[in-house]
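Read the structure below first, then the notes.
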Amino acid sequence: MFTRAVSRLSRKRPPSEIHTNDGLNVQDQNLKGTQKWSSSLDSLLEDPEGVEAFKDFLKKEYSEENLLFWLACEDFKRTEEQDQLQKKAQHIYNTFLSSKASSQVNVEGQSRIGEQILRQPHPLMFERLQEQIFNLMKYDSYSRFLKSEKFQKLQSSEESEISSSRPGESAPKRASRIYNT
């Protein structure tokens, strides 16, 4: 049982693939709001409203630093100027990775980045750490978020908005339309 859990957690998905639509089918692209967010963590992270809702949830769980680190890494990868890379790398290190970090993330000890590598940063230097945090969120926080009262309320309010926009539609017909879209 433990081996299966470890192998599931060790599946790697490069963070650089997270914002591509290559893996999404047409049906996923038509989903909106909580329907889209519940299809995958990738979909949730592509939607600014989803990120905010997930961030609020993580604040209450005292694990907001994971999402903030992931977002900082995404921003870091898009940085082109070397001086900005160095500033952002130092900020990420000081905020999330240093032993004195204010919002330290939980990454494997061997994956930690030493201060010497910060002198010559490159856009993918945090990739392995970002993958670890993504997988931690995917298999832990994200599943709890989908079961949370906050998510359920958001989902209910969306469903009631949809049903009120189509008066006279029966519940089975609405369910069929929603799940067959």
Side-chain angles (χ1 to χ4, degrees), residues 8-80 84-85 88 91-92 95-97 103-107 123-166 169 171 174-181:
R8 188 181 85 211
L9 290 174
S10 66
R11 288 186 205 142
K12 293 191 177 186
R13 176 181 169 86
S16 58
E17 291 179 10
I18 290 172
H19 282 88
T20 65
N21 286 333
D22 298 342
L24 293 177
N25 62 34
V26 175
Q27 186 175 3
D28 288 345
Q29 291 176 352
N30 292 331
L31 296 177
K32 292 187 171 86
T34 56
Q35 284 184 324
K36 184 174 182 179
W37 305 347
S38 65
S39 67
S40 70
L41 178 57
D42 297 331
S43 296
L44 181 136
L45 294 172
E46 290 172 354
D47 184 341
E49 290 178 22
V51 169
E52 281 305 308
F54 192 43
K55 187 161 117 182
D56 289 345
F57 170 77
L58 291 175
K59 272 183 194 174
K60 293 176 184 158
E61 296 254 318
Y62 302 103
S63 58
E64 174 188 27
E65 68 278 357
N66 293 330
L67 178 61
L68 295 177
F69 172 74
W70 186 88
L71 291 169
C73 289
E74 283 297 295
D75 179 53
F76 180 78
K77 289 189 299 189
R78 289 187 296 270
T79 304
E80 294 178 12
Q84 287 292 359
L85 267 178
K88 288 181 180 183
H91 173 74
I92 289 171
T95 306
F96 302 106
L97 301 172
S103 299
Q104 191 175 35
V105 292
N106 185 15
V107 292
L124 300 178
M125 68 187 279
F126 297 115
E127 186 172 35
R128 188 175 339 137
L129 301 174
Q130 187 183 17
E131 285 177 18
Q132 285 182 31
I133 294 301
F134 178 83
N135 284 327
L136 177 67
M137 289 190 301
K138 181 177 181 177
Y139 294 111
D140 186 34
S141 310
Y142 174 66
S143 59
R144 284 197 318 275
F145 172 67
L146 295 179
K147 296 173 188 167
S148 72
E149 185 178 331
K150 178 179 183 63
F151 182 79
Q152 300 301 320
K153 283 181 180 177
L154 288 169
Q155 200 171 35
S156 293
S157 68
E158 278 183 9
E159 288 172 0
S160 64
E161 285 177 25
I162 291 170
S163 64
S164 66
S165 67
R166 296 184 185 193
E169 183 177 45
R174 184 174 64 248
S176 176
R177 179 181 46 77
I178 289 170
Y179 294 108
N180 292 322
T181 308

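For the numbers below, each heavy atom of this structure counts, side chains included, while hydrogens, waters and symmetry mates do not. No experiment lies behind these values; they were computed from the predicted model shown. We number each residue from 1, following the sequence as shown.
Inter-residue side-chain proximity for Leu85 and Pro123 is flagged as met; some heavy-atom pair is nearer than 4.5 Å. Looking at Ser103 and Phe69, their side chains never come closer than 4.5 Å, going by heavy atoms from C-beta outward.
Atom CZ of Phe96 is separated from atom CD of Gln130 by 11.5 Å, given to the nearest 0.5 angstrom. Note that CE of Met137 and CZ of Phe54 are 5.5 Å apart. Values are rounded to the nearest 0.5 Å. The line from NZ of Lys147 to CD of Gln152 is 10.5 Å long, rounded to the nearest 0.5 Å. Rounding to the nearest 0.5 angstrom, the gap separating the SG atom in Cys73 from the CD atom in Glu131 is 11.0 Å. In this structure, OH on Tyr142 lies 6.5 Å from CG on Leu44, to the nearest 0.5 angstrom.
In this structure, the side-chain hydrogen bond (donor to acceptor under 3.5 Å, both in side chains) partners of Glu149, at least two apart in sequence or on a different chain, are Lys153. Taking the side chain to side chain contact (heavy atoms under 4.5 Å, CB included) definition, one finds that Ala53 meets it with Trp37, Phe145, Lys150, Leu154, sequence neighbours left out. Residues passing the side-chain hydrogen bond (donor to acceptor under 3.5 Å, both in side chains) test with Asp75 are Lys88, sequence neighbours excluded.
The aromatic rings of Phe134 and Trp70 sit tilted relative to each other, their planes meeting at an angle between 30° and 60°.
Using a 4.0 Å cut-off between a side-chain N of Lys or Arg and a carboxylate O of Asp or Glu, Lys77 and Glu74 qualify as a salt bridge.
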Under 3.5 Å, which donor-acceptor pairs do the side chains of residues 57-68 form with other protein atoms, sequence neighbours left out?
{"unit_1": "Glu61", "atom_1": "OE1", "unit_2": "Arg144", "atom_2": "NE", "d": "2.8"}
{"unit_1": "Glu61", "atom_1": "OE1", "unit_2": "Arg144", "atom_2": "NH2", "d": "2.4"}

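The closest donor-acceptor contact from the side chain of Ser143 to the backbone of Asp140 lies under 3.5 Å. In this structure a side-chain-to-backbone donor-acceptor pair under 3.5 Å is missing from Glu158 to Gly33.
Shown are His91, Gln84, Met125; of these, the side chain to side chain contact (heavy atoms under 4.5 Å, CB included) with Phe76 is made only by Met125.
For the pair Ile133 and Asn106, the tightest heavy-atom approach, listed with the atom from each and the gap, is CD1-O, 3.9 Å.
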